[in-house]
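A short worksheet on the structure shown next.
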Amino acid sequence: MSVSYALQNDLGVITIDNPPVNALSHAVRSGIRDAIREAQADASTAVVIVCEGRTFVAGAQIKEFGKPPKDPWLPELLDEVEASEKPVIAAIHGTALGGGFELALASHYRIAQSDAKVGFPEVKLGLLPGAGGTQRAPRLAGVGTSLELITNGNPIDVGTANTAGLVDEIVDGDLQQAAFDFARRIVAEGAHCRKTSELPAPEADPGLCADYRKRLAQRARGQIAPQKIVDCVEAAAALPFPEGMQFEREAFMECMASPQSAGMRHMFFAEREAGKVKGLSKDTPRREVRSVGVIGGGTMGSGIAMNFATAGWPVKLLEVNDDALGRGLEIIARNYAGGVKRGKMTEEQAIETRNRIQGTTDYESLADVDLVIEAVFEDLNLKQDIFAQLDDVCKPGCILATNTSYQDVDKIASATGRPEDVIGLHFFSPAHIMKLLEVVRAGKTADDVLATCMDIAKKIRKVPVVSGVCYGFIGNRMLQHYGREANLCLIEGATPVSIDTAMEQWGMAMGPIRVFDLAGIDVGYKARQGLPVDERGDPKAYRIADAFVEMGRLGQKSGAGFYTYDPETRKQNFDEASLAVIEREAAAMGVERREIDAGEIVDRLIYALINEGFRIVEEGIAQRPSDIDVVYVYGYGFPAHRGGPMHYADAVGLKEVLARVSEFRERFGDENWTPAPLLEKLAKEGASLADWARDN
Ligand code: T1G
């Protein structure tokens, strides 16, 4: 029974109990409707809505979206709640979000536990509050507060909500009893049913709305829902409530029907699915991790150390000598100071957190840690030497992890006598900020090591994705194909600006050429120098990059790469000298440059990703296609509103994808464009990857 109703003395109590988050499923909506109707007819003097479990209603049942809506529709149900002739009090704990917060706003009063939060996360699903949130919130809190709350989608604490007029009372201790007392007080004061919809319309603020539209066009480039939210909040100030609700409904249905929302709703579930390891029993034991060691205090190592210190673990950061250690600790201090400056933490918190990280140059000090993460240069021999030392020093049961981006984790594990304790934990730079963590399951990694690391990933607020062992795992393996096509477009006729503009207009957070400059063009260069020439791939795909490196133009770090960077402002510019290098190298390779339009650029880069993604799926390197979507959205700036590369392939249609890949194969050859067998198979069957994933 997901909703129950009982008369408790003089109060009608509606109790919602729909684990895990009391989502407003059809059963819950029906239960609320029956309960509010029963309350109208019984002896109750007021109605209190409470929820069992960890939270008040956290929103509509997202799984029901995209299916034909079932009566009662939420907007109508909430209108019926608001029309109650007896005061309705919502008792909020946990997170009242989306439709849950709308239920609270349709109630006449809201009382909340002091640590509760409220908000409208719909925009993160490519939606907008579709049950009166854009109309009721502005009537209580005004246009400005509502615009901020609804367009950024982040919950606010109930203290802030109380100040804004969205929550009436805050309580510590027994919420239900406090809600009952509040209800009785309302009745004693005359049982006024304060209907939000009858409050005066908020004062219009066209300048602020225009300002939000402008900022959102930048921040949420190409996204529909944020702009529609501004329209709806503006309508709340301009239209009577019924017309405003109609306006909101139409805008909501438009967002719901959009591929953008389908993509973002896919990502919501994909992120949660990625944390589940197929075939790993829920009661797999976990190893206790009380302290952590990090080897290497460079950019990555220091960021990794911060993740654990911020989450509360004591960390030993090991470097080869005091100078290197000093530099690592300095990076950490600088990062925490930045966090304080940005208001992420107080000075005291920063000091307390930083002090959890102790520097050392002595391996023996790692003898008692429970997890070690190696984050040194991408050199297999060096890593193997380190793991051999760890094998000697670390206690039995200590998890030995490598942060390698490319190296073979099986080979690293083989340097120890305990390969079952070895795993890959591949962080993404900047490691203390990027949410993605590739958890690389090597051939002998023990189940309890894997399960422990998946739990730890969530504790350090990362989104874990399990990868098998291959060169580059999931993300970087696919990135090579994306980068190859970017370089080939460059030598064939495009420019850094045309490539970056095409990809950023399409939705990538940063164009590939800008990423090359940011990461350092010399990274790829050095990796290539370590390979025999015949293993470096098509020279046309790296000739220009090598030319820039050999000129000393390494990217942002040297002040110039494909672009130049102002030493003061770091403002980026594309200079004639850069174009001259590109044209010179094209000529040297006998390439006749041509005009390449944005459509070709986007399809070559994105379909190269997709084609390799299909191979990764069929090889079992990724557990499921949606895991690849999580990798790209959380690790590589792929637009969430396109749902990740594999979801995007389904959205385009696999027949269309195969046709385009086959066209590129005709034009550019088999080596780079032979369709992955699974893509070919599904396209020919007229199937989707999502269907395949459900059956495999
Ligand atoms: N619908 C369906 N399932 C949901 C859900 C929802 N709204 N919210 C969470 N779940 C599932 C989730 O998939 C996971 O399942 C489990 O609950 C625990 O979630 C009309 C249109 C509430 C802050 O967007 O933000 O209302 O993996 O792992 O970290 O205007 O869940 O265990 O099988 O995230 O403690 C608006 C989304 C919907 C809130 C808890 N609401 N949820 O976080 O647990 S649209 C949201 C969250 C809407 C109205 C509009 C978080 C949480 P499983 P979890 P958590």
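What's counted below: heavy atoms across the whole structure, side chains too, no hydrogens, waters or symmetry copies. All ligand and atom numbering here is 1-based and tracks the order in the structure.
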Give yes or no for whether the N/O distance cutoff of 3.5 Å, strictly under, is met between Gly99 and ligand 1. yes
Considering non-hydrogen atoms of the protein only, which is the closest contact for atom 23 (C) of ligand 1, and what is the distance? Leu97 CD1, 4.1 Å
Less than 4.0 angstrom from a charged side-chain N to a carboxylate O is my criterion; do Asp211 and Lys214 meet it? no
Taking 4.0 angstrom as the limit, do Asp231 and Arg213 come out as a salt bridge? yes
Close-contact set for ligand 1 against Gly59 heavy atoms, below 4.0 Å: 26 (O), 41 (N)
Less than 6.0 angstrom from the centroid, inside 45 degrees of the normal: does Arg624 satisfy that with respect to the ring of Trp692? no
Residue and atom name of the nearest protein heavy atom (relative to atom 3 (N) of ligand 1), distance in Å to one decimal: Gln61 OE1, 3.9 Å
Validate the cation-pi geometry between Arg642 and Phe638: distance from NZ or CZ to the six-membered ring centre under 6.0 Å, angle to the ring axis within 45°. no
Parallel, tilted or perpendicular, as decided by the 30° and 60° cut-offs, for the rings of Phe120 and Phe101: tilted
On the ring face of Tyr212, is Arg215 found with NZ or CZ under 6.0 Å from the centre and within 45° of the axis? yes
At under 4.0 Å between heavy atoms, which part of Phe120 makes contact with ligand 1: side chain, backbone, both or neither? neither
Electrostatic pair Glu64:Arg29 at N-O distance under 4.0 angstrom: yes
Atom 42 (N) of ligand 1 touched by protein (heavy atom, under 4.0 Å): yes
Charged N-O contact under 4.0 Å between Asp79 and Arg136: yes
Proximal ligand 1 atoms for Phe252, defined as those under 4.0 Å from one of its heavy atoms: 21 (C)
Hey, which atoms in ligand 1 end up nearer than 4.0 Å to a heavy atom of Leu74? 20 (C)
heavy-atom search around atom 30 (O) of ligand 1 in the protein gives Glu102 OE1, 2.6 Å
For atom 27 (O) of ligand 1, the protein heavy atom that lies nearest, with its residue and separation: Lys276 NZ, 3.0 Å
salt_bridge(Arg286, Asp447) N-O dist < 4.0 Å: no
With heavy-atom distances below 4.0 Å as the criterion, list the atoms of ligand 1 near Phe268. 8 (N), 9 (C), 13 (O), 37 (C), 42 (N)
What atoms of ligand 1 come within less than 4.0 Å of a heavy atom belonging to Phe65? 21 (C), 45 (S)
With Leu425 as partner, the option from Val439, Asn403, Ile304 fulfilling side-chain contact (heavy atoms from CB on, under 4.5 Å) is Val439
So is there a nitrogen or oxygen of Phe269 less than 3.5 Å from a nitrogen or oxygen in ligand 1? no
Return the option from Glu122, Arg54, Met264 holding the heavy atom at the smallest distance from atom 18 (C) of ligand 1. Arg54
Nearest heavy atom to atom 16 (C) of ligand 1: which of Pro20, Gly98, Ala23, Gly275 does it belong to? Pro20
Quick check on atom 52 (C) of ligand 1 - does any protein heavy atom sit closer than 4.0 Å to it? no
Does ligand 1 come near enough to Ala60 that some N or O of the ligand is less than 3.5 Å from an N or O of the residue? yes
Proximal ligand 1 atoms for Pro129, defined as those under 4.0 Å from one of its heavy atoms: 30 (O)
Keeping the roles fixed (side chain from Ser30, backbone from His26), state whether a donor-acceptor pair exists under 3.5 Å. yes
Where does Val21 meet ligand 1, judged by heavy-atom distances below 4.0 Å: at the side chain, the backbone, both, or neither? side chain
Side chain, backbone, both or neither: which applies to Leu125 and ligand 1 if a contact is any heavy-atom pair less than 4.0 Å apart? side chain
Nearest protein heavy-atom contact for atom 1 (N) of ligand 1: which residue, which atom, what distance? Ile62 N, 3.0 Å
Salt bridge between Arg290 and Glu288, side-chain N to carboxylate O under 4.0 Å? yes
N or O pair under 3.5 Å between Ala58 and ligand 1: yes
Considering both backbone and side-chain atoms of Arg272, is one of its nitrogen or oxygen atoms within less than 3.5 Å of a nitrogen or oxygen in ligand 1? yes
Looking at ligand 1, is there an atom of it that comes within less than 4.0 Å of some heavy atom belonging to Gly130? yes
After noting the C-alpha distance and the side-chain angles of Phe268 and His266, does the key distance pass the ring pair (Phe, Tyr, Trp, His ring centres under 6.0 Å) rule? CA-CA 5 Å; Phe268 175 84; His266 164 77; over 10 Å; no
Is there at least one protein heavy-atom neighbour under 4.0 Å from atom 45 (S) of ligand 1? yes
Is the shortest side-chain N to carboxylate O distance from Lys117 to Asp157 below 4.0 Å? no
Looking at Glu80 and Arg33, does any basic side-chain N land under 4.0 Å from a carboxylate oxygen? no
